[in-house]
Structure formats: C-alpha cells, structure tokens
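Working notes, structure below.
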Amino acid sequence: MRIEEVEAAVRKAVAEHRDDRGPLLPVLHAVHAALGHVPESAIPLLARELNLSRADVHGVVTFYHDFRRTAPERRVVRICRAEACQAVGAAALVEQAGALPDILAEQVFCLGNCALGPSVQIDGKTHGRVDGPRLRAILEETR
Amino acid sequence: MTTVYVPRDSAARSVGSDEVAAALAQDPALRVVRNGSRGMFWLEPLVEVETPAGRIGYGPVAPSDVDGLRPLLATGDVTHPLYVGRVEELPWLAGQQRVTFARMGVTDPLSTQDYVAHGGLVGLRAALRRTQAEVVAEVTASGLRGRGGAGFPAGVKWKTVLDCPEGLKFVCCNADEGDSGTFADRMVLEGDPFMLIEGMTIAAWAVGAREGYVYIRSEYPDAVQTMRAAIDLARAEGWLGERVLGSAFAFDLHVRVGAGAYICGEETSMLESLEGKRGTVRAKPPIPAIEGLFGRPTVVNNVLTLATVPVILADGAEHYAALGMDRSRGTQVFQLGGNVKRGGIVETAFGMTLRELVESYGGGTLTGRPVRAVQAGGPLGAYLPESRFDLPLEYEAFAAAGAMLGHGGVVVFDDTVDMAAMARFAMEFCAEESCGKCTPCRVGAVRGVEVIDRIVAGERPDENLALLEDLCELMTDGSLCAMGGLTPMPVRSAVAFFPDDFLSRKP
Ligand SMILES: Cc1cc2nc3c(=O)[nH]c(=O)nc-3n(C[C@H](O)[C@H](O)[C@H](O)COP(=O)(O)O)c2cc1C
Ligand code: FES
C-alpha cells in the first residue's frame, strides 16, 4: 500500500475524531474502514498525530481481534463458534466453510442471533440458519 | 391504505425480512413499517397487518410467499397457512410480563412520535421533577439489580456516584453483550433505542453527569447504526443536549464501538477500551463508581438495567418491586437460544422455573431429540441437566445451586452434545479471550484444555480429573476478574453432572 494513501487515511481519521476523548479506537476503526486493514506504516503516523508512543499504538492494534494487520486476500466470512450455535451444528458449518476455496473463514463468538443459529456474518450482515449449501447460496447472491 | 409491519431487527433480517419488506413495498396500497422484533424468532420474518380487530400475524414469511399473501393482507385472511392469529393474544406472548420490553416489536424504533405515544419520556419527566437523591432512592426502592451479570443493586451504585464531589462524572452503558445465548441488549439498541437514551439521561440527572457513552460491540453493526440515528433524533427533539426537555439540565451521549474482545464487557476493561487503551482489567478497588472513566466517578450499567429505569420512574418503584421473588425484584428478560424449537425473548417476573422456560416456552429441541443440558448465564455459566430444571429463575436460587443467572441467556442442547467437548471449549474460550493480565486465567485456561484432552484420551484419568479440579480452584480463587474466576463454573458443572462424557474415548 502506498504511504501517501496511508497518510491520507490517518489524517482524515484523526481530523474526524480530534475532539473525542481517548480517540485511538475510533481513529483505528476509521483507518481500518478506509484501508481494509491497519498497515504497519500507519502506526508511527498515528503515534505522532495522537501524541502517543509507537508501543502504545502497536499494543492497542494487536490487542483487538478486529484490527487486521494485512489486507485479506479472500472474502471474509465470520462464523459463530459460540455455544448456542454449536448446539445447532456450528462445528459442521466451520468444516464445510473450510472447504470453500474463495473465502477466508474466521471465527467469531456470538453474533446475538442465538435463536436462529448457526449464524455467520458477511460484510456486516448477519445470516441465520446457515448450513453449507445456504452459505454457498448467500455467497453467490451477494457476490 | 393498509399498514403492515416487517421487523428490522437483525435476527429477523438474518432470515430474510429485508427481502420480504421490499417485496411488500411494491404494492402501493401497503404502508410498510419496519418495527422491532417481538422476539418470537421461530416466526421470523413475522409480518403483521393492522386490522380493526388488532394486529394479525403471518410467519415465517419467505420472500416467495409474498405474492400469495399480498392480496389477502387487507382483509386479514385467516385461512392462509402462515396465519398465526392476533399477535398479542398468542399464548407465548400473552403469558409474559413485558415491562422493559413493553414496546418491543410494537413500534417503529426510530419514530419519536411512536415512542411518545407508547409511554416514552414519562419516566424522564417524572425524574426531572424530583431531586437527584429522590431519583436514586426510587431506583433503590425498586430493587433493580444490575442485569449485566453480577446483580449489584443499581441504586446503591448510583448513590456512590452521586455522593462523589461535583465535577466531571460519566454514565457508561455496557452494550458489549458478549455472552453466547444473549441478545436482549442488541434488541433494545435496535428495537427501542430511545428507551436506553431515556434511561441513561435519568441516570445522568440522578448522579450529576453531563456526558455518557454507549459501548457497543462491533459484532452488532445494526445496533451501532440505529443507536447513532436515535441519538441524532433525540438531540433534534431536545431530549438530549444543553437543555434536556427544556430544563436547565444538560446531557449528551456518544456511541463507541468495541473491536472484538469479549473481555471488554468486564466493566474496568471496557473503561480502558473507552479511554483508547488495550482492554485489560483493572484491579479493584478503586471501584468505577469512584474512579471510573478517565479516573472520574462513573456509573457503569448494562443496557437492560438502564432500559428498565424509565418504567420504574414512570410507574413507581412499588409497582416494579411488586413483581418477582425474594431479593430478585421485577422482571428478567430471558433469552432462549441454541437447540430449541421456539427461541426468543421471554420477559417474566423472576421465579418461573427453568423447566417452564425450556419446555413450555421453548417447546423442547429444534431437532426433536430429548433435551440433555442447558447452559444458563453465558459462557461462564453452569451446565445444568434435566434433573435441575425445577430451579426457579432467580439470583439466589441459582447461586445456591452453583450456577448463575448472569445476563439471562439460556442455551439448550439435545442428547447428542458431548459435555467434555463443551468443558474443553469453556477453557479454550477463556484462553482465547483472556486479557492476559493475571496468570491463573491466562495460563490456567491453556493448561485446562490440555488436561481435559488427557482425560478424554484416557491418560491417568483419576489423577488428571483431580488436577483439573485443582486448576479450577486456583482459577476461581486467584484470577483478577470473573473471566478466569468463573470459567471453572461450566467446567465443574459438566464434570459433576455429566461424568460419563469424561471417560476414555480410546476403543
Ligand atoms: C468477562 C466478563 C464479561 C462481562 N461482559 C459483560 C457484558 O458484555 N455486558 C455487561 O453488561 N456486563 C458484562 N460483565 C459485567 C460487568 O463487569 C459489570 O458488572 C456490569 O456491566 C455492571 O452493570 P450492571 O450492574 O448494570 O449489571 C462482564 C463481566 C466479566 C467478568
Ligand atoms: S451463539 Fe452464535 S449467534 Fe449467539
């Protein structure tokens, strides 16, 4: 990723959240939304703009599951592996999804859709009662 | 013009309510309102139509059903196979006591007119007519206890914050709802957001805060969007801002989004996260009520706790406290999920038995097989066998049985469940989600997974079961917070109630 692009995203995110108290998380979310991940090169820029140490920023980026360090090469499908979805076959779904070549299956613990599991989230939309064939159909329809 | 309702709740959307709403909207004779969900998820998408005889329901409606249904809607046809009857009279709903969830599924969540027409703002107006101490006393008298898990009396917490010297204070709503099997907070955020705003505004008035935060987990994008929209609308109406409802009281509210960390539901970890830091747990004391967000006195309450405050102020503490049993006053919004035929929201006074919830409301399992276990109270809650189903759903009875009510989630499993695998998962989850600050939790959980693996592999099972028990004791006693401290609860209950599942798997 070009550094100019990263700089622009960081500057815009910081400007938007300048007046927030403790702005690092909202800023990171904004950078992540703009770039699809938080590249290594963003960390010193963020540190400088927000008057934090690089170690602080790095520590926060790595603590939270949401912040990817690299751009995903395939479509991300978040599959719920928590108990209520396990009770209706989440493990089988994880296995079936693992066999699909063009997606990146990630685990998530609960999507708040526990009466309609197994649940997955794709591009911010939750889908319920998902099995292998339905997952393929959803991926097809929303491509 | 006929009015039809199609929920915008993300659970309803997860099974196609957007597509159904879009198909219905093609008919110019229909006015489509996107309401919240009634919380009867096996009927979603549930389409309701307004008739002179009340709201009539059809569900679950697939987009392909819409063409056949549309011409029948204006008359409220009763012969259609998806006809379920008058929604409010369905036994599942009629048997409940919907106090906190009174408007849920009834109104358009982002209609300020609907909100006011259905009892909104009555509680806030009542609060603003009273002194701060009177409001705190009212909440204390209602017996309302924190719905986030620990069950601490809300009024006592508020009094601590009120008694701190004047100055910068905060109200923070914990909307991190990470427990598997829970979704009531999400439904409030998506389905009745003004209620939460009203509750937080009352809390702010009562303790002398001017600024509030709603910390919503990132797994709930619809909730984030709806809550932000509701706050903007509330500001425009003068319900928030420099002069709340025309009074001299100023309060403003902000949404903050989590970033995928279960531990950020623990209140001190949430405060760290709100400050822009890693979500590691703080040692207590000091308690957040005295030194909370940015070191200032802070009310931290769960969504349901704050959402219940308006009705308490509107109808009076006595009215609320008249419901429930012993020290569990009022109602609890139970959430029924997992392998269950009829999952969803059951709000009733404390004291109903687990059996009634699982069998009468739930109707048994989705797969039709026998119920073998339920997990109550989220991933840190106990697994209970059928022989324990006569426990009343009430804080102290659960505690006495070595279980907990937590945030009110109940997850059902059929007889194919492997309880050793569930115990292993509890440890795996703790290892994955531990903030890493204390050793019993961080290391203990990893060891726990290994020990359970050895037990089921048949390696010196007695010795390893004893080791697992020691480990559980160490985690319970030595962890900094309830993450490590309560992970042993599902593990121990699985061993105690389902010992056969821990026998060797070797042929
Ligand atoms: C690991 C862990 C996770 C928690 N997650 C949540 C949560 O998601 N939502 C919540 O309201 N409380 C959660 N709690 C409880 C909070 O620490 C705190 O007790 C609660 O927010 C206080 O609000 P209340 O008194 O209204 O319940 C969690 C506690 C622990 C130890
Ligand atoms: S457990 Fe999967 S959505 Fe809640």
Side-chain angles (χ1 to χ4, degrees), chain A residues 17 19-30 32-33 38 50 52 56-68 78 80-91 106-117 119-121 123-130 134 138 141, chain B residues 10-11 13-15 41-42 44 177-183 185-187 211 217-223 254 256-262 264 273-280 293-294 335-340 343-344 366-367 375 378-379 409 411-414 417 422 425 429 432-433 435:
Chain A
H17 296 283
D19 297 329
D20 291 6
R21 289 187 196 269
L24 183 54
L25 248 70
V27 167
L28 284 172
H29 273 304
H32 199 275
V38 181
L50 296 171
L52 297 166
D56 282 341
V57 178
H58 178 86
V60 170
V61 173
T62 51
F63 181 85
Y64 295 98
H65 298 302
D66 278 6
F67 301 129
R68 306 172 180 287
R78 305 172 86 191
C80 177
R81 268 194 70 215
E83 289 87 343
C85 284
Q86 288 188 40
V88 285
E106 285 188 345
Q107 65 176 5
V108 57
F109 296 112
C110 196
L111 295 165
N113 197 34
C114 324
L116 288 171
S119 306
V120 306
Q121 199 172 61
D123 302 329
K125 165 128 199 238
T126 299
H127 301 269
R129 292 281 188 248
V130 180
R134 179 156 141 82
I138 294 166
E141 279 163 29
Chain B
S10 59
R13 293 185 66 219
S14 86
V15 287
F41 289 120
W42 74 99
E44 293 292 359
E177 195 169 62
D179 288 3
S180 166
T182 66
F183 40 81
D185 293 349
R186 179 185 63 65
M187 290 183 71
E211 198 173 317
R217 65 200 297 255
S218 62
E219 291 84 350
Y220 287 179
D222 287 19
H254 310 274
R256 284 295 177 88
V257 183
Y262 177 76
C264 287
S273 187
L274 276 170
E275 291 180 9
K277 302 181 190 148
R278 296 161 66 91
T280 50
L293 188 62
F294 298 104
Q335 302 131 76
L336 195 52
N339 193 336
V340 64
L366 181 69
T367 45
Q375 185 178 30
V411 175
V412 182
F413 295 83
D414 73 8
V417 66
M422 299 317 295
F425 178 78
F429 180 70
E432 183 87 17
E433 296 294 326
C435 79

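Just so we're on the same page: letters track the sequence lines, and every chain starts at 1. Values reported hereafter were calculated over all heavy atoms of this structure, with side chains retained and with hydrogens, waters and symmetry mates removed.
- For the atom pair OH (B:Y220) and CD (A:Q121), the distance works out to 10.5 Å, reported to the nearest 0.5 Å.
- In terms of non-hydrogen atom pairs under 4.5 Å with chain A, the most contact-rich of B:N339, B:V340, B:L293 is B:N339.
- Taking B:G378, B:G344, B:C264, B:G279 one by one and counting their heavy-atom pairs under 4.5 Å with chain A, the maximum is reached by B:G279.
- Ranked by heavy-atom pairs under 4.5 Å with chain A, the first of B:T280, B:D185, B:D222, B:L366 is B:L366.
- Side-chain contact check for A:N113 versus B:F41: every heavy-atom pair is 4.5 Å or farther apart.
- Considering only heavy atoms from C-beta on, B:E211 comes within 4.5 Å of A:R21 through its side chain.
- No other option in B:G337, B:G181, B:A259, B:G276 has as many heavy-atom pairs under 4.5 Å with chain A as B:A259.
- Across all their heavy atoms, A:L25 and B:V257 have their closest contact at CD2-O, 4.0 Å.
- The residue among A:L116, A:V130, A:V27, A:V61 with the most heavy atom pairs within less than 4.5 Å of chain B is A:L116.
- Interface summary for chain B: among A:A90, A:A82, A:G117, the most heavy-atom pairs under 4.5 angstrom belong to A:A82.
- Going from atom CZ of A:R81 over to atom OG of B:S180 covers 11.5 Å, rounded to the nearest 0.5 Å.
- Of the listed residues (B:G343, B:P379, B:G409), the greatest number of heavy-atom pairs within a distance under 4.5 Å of chain A belongs to B:P379.
- In this structure, chain B has a heavy atom under 4.5 Å from the side chain of A:R134, while its backbone stays farther away.
- Side chains of B:R256 and A:H29 form no contact here, defined as non-hydrogen atoms less than 4.5 Å apart.
- Here A:Q86 contributes atom CD and B:Q375 contributes atom CD; the two are 9.5 Å apart, rounded to the nearest 0.5 Å.
- Only the backbone of B:L274 comes within contact range of chain A, with heavy atoms under 4.5 Å apart.
- When heavy atoms are compared at a cutoff of 4.5 Å, B:L336 approaches chain A solely by way of its backbone atoms N, CA, C and O.
- Taking B:E433, B:Q335, B:H254, B:E44 one by one and counting their heavy-atom pairs under 4.5 Å with chain A, the maximum is reached by B:E433.
- Heavy-atom minimum distance, B:F183 versus A:C114: CD2-SG, 3.9 Å.
- Looking only at side-chain heavy atoms (C-beta outward), B:E219 and A:T126 stay at 4.5 Å or farther from each other.
- Note on A:A87, A:P23, A:G124: by heavy-atom pairs under 4.5 Å with chain B, the leading option is A:A87.
- Within the 4.5 angstrom heavy-atom criterion, no atom of A:D56 approaches chain B.
- Only the side chain of A:T62 comes within less than 4.5 Å of a heavy atom of chain B; its backbone N, CA, C and O stay farther away.
- Nearest heavy-atom pair across B:G178 and A:C110 is O-CB, 4.1 Å.
- Interface remark: B:M187 contributes no atoms to any contact with chain A (heavy atom separation under 4.5 Å).
- Under the 6.0 Å cut-off for aromatic ring centres, B:F429 and A:F109 qualify, their centroids lying closer than that.
- By number of non-hydrogen pairs under 4.5 angstrom with chain B, the leading residue of A:V57, A:L111, A:L24 is A:L111.
- Within the 4.5 angstrom heavy-atom criterion, only side-chain atoms of A:V108, from C-beta onward, approach chain B.
- For A:E83, the parts sitting under 4.5 Å from any heavy atom of chain B are the backbone and the side chain alike.
- Atom OH of A:Y64 is separated from atom OG of B:S273 by 3.0 Å, given to the nearest 0.5 angstrom.
- Counting heavy atoms from C-beta outward, B:C435 and A:F63 have side chains that approach closer than 4.5 Å.
- Heavy atoms of B:D414 lying under 4.5 Å from chain A are absent altogether.
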